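Here's the structure, in structure tokens; my notes come after.
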Amino acid sequence: PTPDVPAEQTDGYHLVVDALKLNDVETIYGVVGIPITDLARLAQAEGIRYIGFRHESNAGHAAAIAGYLTKKPGVCLTVSAPGFLNGLVALANATTNCFPMVQISGSSERHVVDLKQGDYEEMDQLAAAQQFCKAAYRVSRVEDIGRGIARALRTAISGRPGGVYLDIPAAVLGSIMDAEAGAKTLSRLVDPAPRQLPAPEAVDRAIEVLATAERPLVVLGKGAAYAQADDQIREFIESTGIPYVPMSMAKGLLPDDHPQSAATARSLALKKADVVMLVGARLNWLLNHGQAPQWNPDAKFVQVDIEPTEMDSNQPIAAPLVGDIESVFEALAERTKPGQIAAPTAWREELAARSAQNVAKMAERLKADKHPMQFMGALKAIRDVVHERPETYIVNEGANALDLARNVIDMHVPRHRLDSGTWGVMGIGMGYAIAAAVETGDPVVAVEGDSAFGFSGMELETICRYNLPVVTVIMNNGGVYRGDDVNPLGDAPAPTALMIEARHDKMIEAFGGKGYRATTPAEVTAALTEALASGGPALIDCVIDPSAGTESGNIGHLNPKGIGLTK
Ligand SMILES: Nc1ncnc2c1ncn2[C@@H]1O[C@H](COP(=O)(O)OP(=O)(O)O)[C@@H](O)[C@H]1O
Ligand SMILES: Cc1ncc(Cc2csc(CCOP(=O)(O)OP(=O)(O)O)c2C)c(N)n1
Ligand SMILES: [Mg+2]
């Protein structure tokens, strides 16, 4: 600068955008408003892709699954207070599922908030966020923006990934400082997710335990999918011959029709396995906490996880293998002697026989083509169409719509099934579908329960606005779990009832998308084939028998019993 030319200046808005770009953030998912509308405008003007949503929960779910798919933190941008709170379900869900994301929210004036003087959208957002995420930070000075962004991104992605909250008060966004000095406050992360190498003795201990197994089993969790160590994992499974079961989002890590898959003999595998190797899978409710009768009470556990405190959470772990999955499997490959770990043939044959029986039973169920259409008829049609298009992402939520689709729609490539995950949260559908399409450019089929769809259905407009290749397929059984509950006392709808005659296909037409109504599996096949060929937004309303479905799907036993509804 010279005396008559003022030094070039920058401000908080620009420093946020510069810091995000410096750290390879390419997309922001959000809902604009005070005080961050201009931040979204500037980000877009500077080349960051901005995807505008109708509700912050959906933007947050999109950011979370973007993180899961790309191994870079997804970024969600919200306004203060109510917008911030709307984002928290997704931030908490990301943390629960170990997806890396950062929620950036504008916030109100600190001096007004802290004296509770009644600011516009007054809330102590940092305090509120702490309990729902991996970490929460606030930037209080414009010169700290670069540090805050770097810290939030690194915390989200390193170690066990999760959701991070970054609070930026309006006053900080509006603060001005010398541009040269401002540029010096920015930094590019070096190695944001450092490899966590396993200790050699831990690797050897795990090999020993696996080598003694009569009936070994590998459980692949979504952590194994997230790690993107697909070749190393496949090599280990195939070289040892150990049977494996994939958790829902790990389906496709090895193709579901792989000869060592015990997915269709899951109960027998869990009950009889004597050594179980958990790979990026927590022994939580989804795995009955490792308890009998589902599990062999004498089973020994080997656990591979980046989070040391996960060990012994539910069962004693005989061989804790702490490290990132890629490094762990590289070390296992190095230190396992040829033939040292080999699954006995008898065990593999016992599981294969049970699988064959169960596959035959499923084939019978799939053939039953009653009218009105059943879940299985519609899901078989979807499976067959998607089977020819393995690059298609499957998003899935609901109760019966989730449980049945998980078993019917098999996967053949990694990280292509995105569902309600560890928390069983409804409402992930459209956000996950949008991010999968935006991040990959590949087609997405969202298989939605009719109730589940309702949580994010307004994003059909978002899908149409960006003309995304997303086909929403609704399993319309007219209710939460089913559509034939009745209110014993009068004609008000039962608590689980939705409109049987709902025409969801008309909804997408309101935004220029293509709507289809399918009452038979053949109509599902035709509609889905046409919709995928179009490459544009579409919705298929599958009219399903309202009496089809069980309460809470496979997890009805979680409902408390009490004395029952009749006094
Ligand atoms: N890169 C990684 N290396 C090792 N473990 C990981 C990695 N990423 C995530 N994890 C772990 O994977 C686990 C995921 O478990 P979970 O969500 O229960 O999977 P699922 O529900 O599919 O069984 C978490 O405990 C997390 O710490
Ligand atoms: C945020 C949130 N609110 C409520 C619920 C409780 C629930 C679990 S499953 C479900 C929907 C089941 O009906 P749907 O029609 O989608 O599926 P189907 O069985 O095929 O009829 C609800 C409302 C959850 N999990 N999360
Ligand atoms: Mg339903």
Side-chain angles (χ1 to χ4, degrees), residues 57 61 68 71 89-90 92-93 95-100 157-162 193 195-196 198 219-229 233 245-251 253 278-287 303-311 313-314 321-329 375 378-379 396-405 417 419-429 447-456 474-483 485 495-498 500 502 542 544 546 548-556 558-559:
S57 193
H61 285 316
Y68 170 73
K71 291 189 82 174
V89 167
N93 187 55
T95 306
T96 304
N97 281 280
C98 311
F99 298 156
I157 198 79
S158 57
R160 167 183 276 177
R195 296 200 312 149
Q196 313 269 294
V219 178
L220 296 173
K222 66 168 98 60
Y226 172 78
Q228 295 192 23
I233 290 171
V245 291
M247 300 302 286
S248 68
M249 283 180 61
K251 284 167 64 75
L253 203 44
L278 300 163
V279 182
R282 285 170 288 194
L283 211 45
N284 56 19
W285 72 280
L286 287 164
L287 286 170
Q303 184 153 20
V304 180
D305 204 296
I306 201 164
E307 175 49 59
T309 64
E310 186 56 34
M311 310 295 160
S313 59
N314 285 273
L321 236 184
V322 178
D324 74 84
I325 283 169
E326 183 173 20
S327 301
V328 166
F329 277 80
F375 280 104
L379 292 171
N396 187 209
E397 60 178 345
N400 297 282
L402 177 75
D403 293 336
L404 297 172
R417 179 185 160 84
D419 64 26
S420 299
T422 301
W423 226 19
V425 66
M426 292 301 115
I428 52 96
V447 181
E448 298 276 302
D450 49 334
S451 163
F453 166 71
F455 288 80
S456 66
I474 296 182
M475 301 283 117
N476 184 355
N477 63 346
V480 177
Y481 313 131
R482 47 195 301 164
D485 263 3
T496 54
L498 298 174
I500 295 270
C542 301
I544 302 285
T550 58
E551 176 96 2
S552 297
N554 291 352
I555 55 175
L558 294 180
N559 283 306

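First listed ligand is number 1; within each ligand, the first listed atom is number 1. Residue indices begin at 1 and follow the sequence shown. Not measured: the values here are computed from a predicted model.
- Contact between W423 and ligand 2 is absent, with no heavy atom of the residue lying under 4.0 Å from the ligand.
- When all heavy atoms of M426 and G398 are compared, the pair lying nearest together is CE-O, 3.3 Å.
- Inclusion of N477 in the first shell of the Mg ion (ligand 3) is supported: an N, O or S atom falls under 2.8 Å.
- Of the listed options M475, E551, M426, E448, M426 places a heavy atom closest to atom 1 (C) of ligand 2.
- Under 4.0 Å from ligand 2, the heavy atoms of N477 that appear belong solely to its side chain.
- Protein heavy atom at the shortest distance from atom 3 (N) of ligand 1 is I325 N, 3.0 Å.
- Protein heavy atom in closest approach to atom 10 (N) of ligand 1: G223 CA, 4.0 Å.
- Smallest separation of non-hydrogen atoms from L379 and V447: CD2-CG1, 4.0 Å.
- The Mg ion (ligand 3) is closest to atom OD1 of D450 (considering only N, O or S atoms).
- Shown in contact with L286 at under 4.0 Å from a heavy atom are these atoms of ligand 1, numbered in order with element: 21 (O).
- Below 4.0 Å from some heavy atom of F375 lie the following atoms of ligand 2, by number and element: 20 (O).
- Shown here, atom 6 (C) of ligand 2 is out of close reach of the protein: none of its heavy atoms lies under 4.0 Å off.
- Nearest protein heavy-atom contact of atom 24 (C) of ligand 1 is D305 OD2, 3.5 Å.
- Under the 3.5 Å distance criterion, the side-chain polar atoms of N93 are left unmatched by any main-chain donor or acceptor of V89.
- Residue S451 holds the heavy atom nearest to atom 23 (C) of ligand 2 of all those in S57, S451, G454.
- The backbone N or O of D450 lies less than 3.5 Å from no partner atom in the side chain of E448, so there is not a single donor-acceptor pair.
- Judged by distance alone, the side chain of N97 and the main-chain N or O of T422 form a donor-acceptor pair under 3.5 Å.
- With a heavy-atom cut-off of 4.0 Å, T422 touches ligand 1 through its side chain alone.
- Against a heavy-atom cut-off of under 4.0 Å, A399 is close to the following atoms of ligand 2: 9 (S), 12 (C), 17 (O), 18 (P), 19 (O).
- Minimum interatomic distance between Y68 and A225 (heavy atoms only, all atoms of both residues): OH-CB, 3.2 Å.
- Listed here is the closest heavy atom pair of L220 and A250: O-CB, 3.3 Å.
- Summary of contacts: the protein heavy atom closest to atom 16 (P) of ligand 1 is R282 NE, 3.5 Å.
- Comparing G280, G221, A224 against atom 15 (O) of ligand 1, the shortest heavy-atom distance belongs to G280.
- The shortest side-chain heavy-atom distance between M247 and V219 falls under the 4.5 Å cut-off.
- Residue V425 has no nitrogen or oxygen atom sitting less than 3.5 Å from a nitrogen or oxygen atom of ligand 2, judged on distance alone.
- Remark: among candidates V480, D403, L404, the nearest residue to atom 12 (C) of ligand 2 is V480, based on non-hydrogen atoms.
- Contacts between F455 and ligand 2, counted as non-hydrogen atom pairs separated by less than 4.0 Å, involve the side chain only.
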Let's go through R482 and E551 carefully: what are the C-alpha distance in whole Å and the side-chain angles of both, what is the deciding distance for salt bridge (charged side-chain N to carboxylate O under 4.0 Å, His left out) to 0.1 Å, and is it a yes or a no?
CA-CA 7 Å; R482 47 195 301 164; E551 176 96 2; over 6 Å; no

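- At least one donor-acceptor pair closer than 3.5 Å links the side chain of D403 to the backbone N or O of N554.
- Proximity of a side-chain donor or acceptor of Q303 to a complementary backbone N or O of L278 within less than 3.5 Å is not detected.
- Within the 4.5 Å cutoff, the side chain of V279 has heavy atoms near those of the F329 side chain.
- Counting only distance, with no hydrogens or angles, the side chain of D305 and the backbone of G323 share no donor-acceptor pair below 3.5 Å.
- Residue-to-ligand polar distances keep G398 apart from ligand 2: every N/O pair is separated by 3.5 Å or more.
- Inclusion of T96 in the set of residues having an N or O under 3.5 Å from an N or O of ligand 1 is not warranted.
- The Mg ion (ligand 3) has no N, O or S atom of I544 closer than 2.8 Å.
- Counting the atoms of ligand 1 from 1 in the order shown, those under 4.0 Å from a heavy atom of G323 are 3 (N), 4 (C).
- Classification of R160 and E310 as a salt-bridged pair holds, one side-chain N sitting under 4.0 Å from a carboxylate O.
- The backbone N or O of A405 sits nowhere less than 3.5 Å from a side-chain atom of N396 that would complete a donor-acceptor pair.
- Contact atoms of ligand 1 toward N284: 18 (O) (distance under 4.0 Å to a heavy atom of the residue).
- Among all non-hydrogen protein atoms, the one lying nearest atom 1 (N) of ligand 1 is A227 CB, 3.9 Å.
- Between atom CG of residue N559 and atom OG of residue S552 there is a gap of 4.0 Å, rounded to the nearest 0.5 Å.
- The closest donor-acceptor contact from the side chain of S327 to the backbone of R195 lies at 3.5 Å or more, if one exists at all.
- Of all the heavy atoms of V304, none lies under 4.0 Å from any atom of ligand 1, so neither backbone nor side chain is involved.
- At least one N/O-N/O distance between K222 and ligand 1 falls below 3.5 Å.
- Side-chain contact between R417 and D419: present, with at least one pair of heavy atoms (C-beta onward) separated by less than 4.5 Å.
- Taking the ring centre of Y226 as origin, the terminal cationic atom of K71 falls inside the region bounded by 6.0 Å and 45° from the ring axis.
- Ligand 2 does not have G553 within reach: every non-hydrogen atom of the residue lies 4.0 Å or more from it.
- At a heavy-atom distance under 4.0 Å, only side-chain atoms of C98, from C-beta outward, approach ligand 1.
- Distances from atom 23 (O) of ligand 1 to the heavy atoms of R160, M311, K71, M247 put M247 nearest.
- Atoms of ligand 1 found under 4.0 Å from any heavy atom of Y226 (numbered from 1 in listed order, with element): 8 (N).
- Nearest protein heavy-atom contact of atom 5 (N) of ligand 1 is I306 N, 3.1 Å.
- The closest approach between a heavy atom of G549 and any atom of ligand 2 is not below 4.0 Å.
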